[in-house]
Amino acid sequence: MDRFPEACVERTVEWVDTDASGHQHNSAILRWVEAAEAELFRSLGLPDYFPSAPRVQQVVNYKAKLWFGQRITATVKVSALGRTSLTLAFEVTSDAGDVAAYGTVTTAYVPQGATSAQPWPEHLVRAVKAERAGRITE
């Protein structure tokens with residue numbers, strides 16, 4: 001069975017990340033997840049992933065509020081790699097370890113100049129499927 005890689009980033013909830021009541025704005029979750037996603041693909045040596053991987057689905061489940069000044073950890077893990085799509089599972093936790101949000105982000109491989117999804121390049125498939133011993137952190 002393939003063990004897919006994962007990565008995480010730690011952040012502080014800044015004022016710009018909050019709504020008028022001082023807890024995280026819903027869009028902050030996806031920004032933190034995208035930062036962890038960027039860390040994951042940088043660490044795998046796949047800078048060509050981003051210009052060719054538009055989102056085709058995002059699912060976010062909110063469980064708890066995160067407050068201004070609080071530390072968070074956003075973790076992403078490749079959960080599925082299809083012929084033309086890739087799904088990342090994510091979790092955003094508070095500094096107390098409580099899950100504030102979780103979900104999935106699915107991308108498709110659409111290389112520059114293409115108008116529809118294509119099979120992932122072999123170098124990306126190899127890198128994503130490679131066994132990873134631990135977690136990648138920023």
Side-chain angles (χ1 to χ4, degrees):
M1 174 182 290
D2 290 328
R3 178 170 179 194
F4 289 128
E6 65 181 53
C8 66
V9 296
E10 294 181 355
R11 296 286 188 266
T12 299
V13 179
E14 301 294 346
W15 188 248
V16 70
D17 299 323
T18 66
D19 63 15
S21 65
H23 67 76
Q24 95 280 352
H25 188 274
N26 62 341
S27 65
I29 296 294
L30 289 173
R31 281 196 327 263
W32 297 326
V33 167
E34 286 179 349
E37 178 186 14
E39 183 63 26
L40 173 63
F41 285 96
R42 270 194 300 269
S43 70
L44 293 173
L46 296 170
D48 55 334
Y49 166 80
F50 282 100
S52 302
R55 271 91 177 100
V56 295
Q57 183 181 52
Q58 297 179 120
V59 176
V60 183
N61 301 283
Y62 299 94
K63 292 189 62 170
K65 295 177 181 178
L66 297 166
W67 299 94
F68 172 67
Q70 192 171 19
R71 293 289 294 171
I72 66 94
T73 301
T75 304
V76 299
K77 179 178 182 173
V78 175
S79 63
L81 177 62
R83 189 175 73 80
T84 63
S85 67
L86 180 142
T87 300
L88 297 167
F90 69 83
E91 190 173 84
V92 177
T93 57
S94 71
D95 49 4
D98 299 321
V99 175
Y102 67 95
T104 59
V105 174
T106 301
T107 65
Y109 179 60
V110 182
Q112 291 183 346
T115 58
S116 62
Q118 306 293 316
W120 288 105
E122 186 57 36
H123 74 280
L124 183 136
V125 173
R126 275 193 314 272
V128 168
K129 286 188 171 184
E131 287 282 337
R132 299 290 175 206
R135 188 181 262 204
I136 300 161
T137 56
E138 177 187 51

Are [Y] and [X] linked, directly or through intermediate hydrophobic residues, by side-chain heavy-atom contacts shorter than 4.5 Å (ILVMFWY only)?
X	Y	answer
Phe90	Leu46	yes
Trp67	Val99	no
Val105	Val59	no

Discussion item. Just checking Glu122: does its CD atom have more than 12 heavy atoms from other residues, nucleotides or ligands closer to it than 6.0 angstrom?
Written reply: yes
Item to complete: Name all residues meeting the side-chain contact (heavy atoms from CB on, under 4.5 Å) criterion together with Tyr62; count only those two or more places apart in sequence or in a different chain, and write none if there are none.
Response: Gln24, Asn26, Ile29, Val60, Ala101
Practice prompt. Mind checking side-chain contact (heavy atoms from CB on, under 4.5 Å) for Ser94 and listing every partner two or more places apart, or none if nothing turns up?
Written response: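 Residues passing side-chain contact (heavy atoms from CB on, under 4.5 Å) with Ser94: Leu66, Gln70, Ala96, Asp98.
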Practice prompt. Identify, with sequence neighbours excluded, every residue that meets side chain to side chain donor-acceptor pair (under 3.5 Å) alongside Thr115.
Written response: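 Testing Thr115 for side chain to side chain donor-acceptor pair (under 3.5 Å), a comparison that skips the adjacent residues, returns none.
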Beyond-backbone contact of [X] with [Y], side-chain heavy atoms, under 4.5 angstrom:
X	Y	value
Asp17	Arg11	no
Thr18	His23	no
Glu39	Val76	no

Worksheet item: Tyr49 vs Trp120 aromatic rings, parallel, tilted or perpendicular, using cut-offs 30° and 60°?
Response: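 The rings of Tyr49 and Trp120 lie parallel, inter-plane angle below 30°.
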Specify the closest pair of heavy atoms between [X] and [Y], including all atoms of both residues, with the distance to one decimal.
X	Y	value
Phe4	Val78	CB-O, 3.0 Å
Val92	Ala74	CG2-CB, 4.1 Å
Ser79	Ala89	OG-N, 3.8 Å
Val110	Ser116	CG1-O, 3.9 Å
Ala38	Phe50	CA-CZ, 3.4 Å
Pro5	Leu44	CG-CD1, 3.9 Å

Quick one: [atom1] on [X] to [atom2] on [Y], what's the gap to the nearest 0.5 Å?
X	Y	atom1	atom2	answer
Leu88	Thr104	CG	OG1	9.0 Å
Thr106	Gln58	OG1	CD	9.0 Å
Leu124	Lys129	CG	NZ	11.0 Å

Worksheet item: Which residues satisfy the ring-ring contact (aromatic ring centres under 6.0 Å, His included) test with Tyr102, sequence neighbours excluded?
Response: none
Item to complete: Just jot down the ring-ring contact (aromatic ring centres under 6.0 Å, His included) partners of Phe68, sequence neighbours excluded, or say none.
Response: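 Testing Phe68 for ring-ring contact (aromatic ring centres under 6.0 Å, His included), a comparison that skips the adjacent residues, returns Trp15.
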Fill in: With Arg55 via salt bridge (charged side-chain N to carboxylate O under 4.0 Å, His left out) - residues at least two apart
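Partners of Arg55 under the salt bridge (charged side-chain N to carboxylate O under 4.0 Å, His left out) test: Glu34, Glu37.
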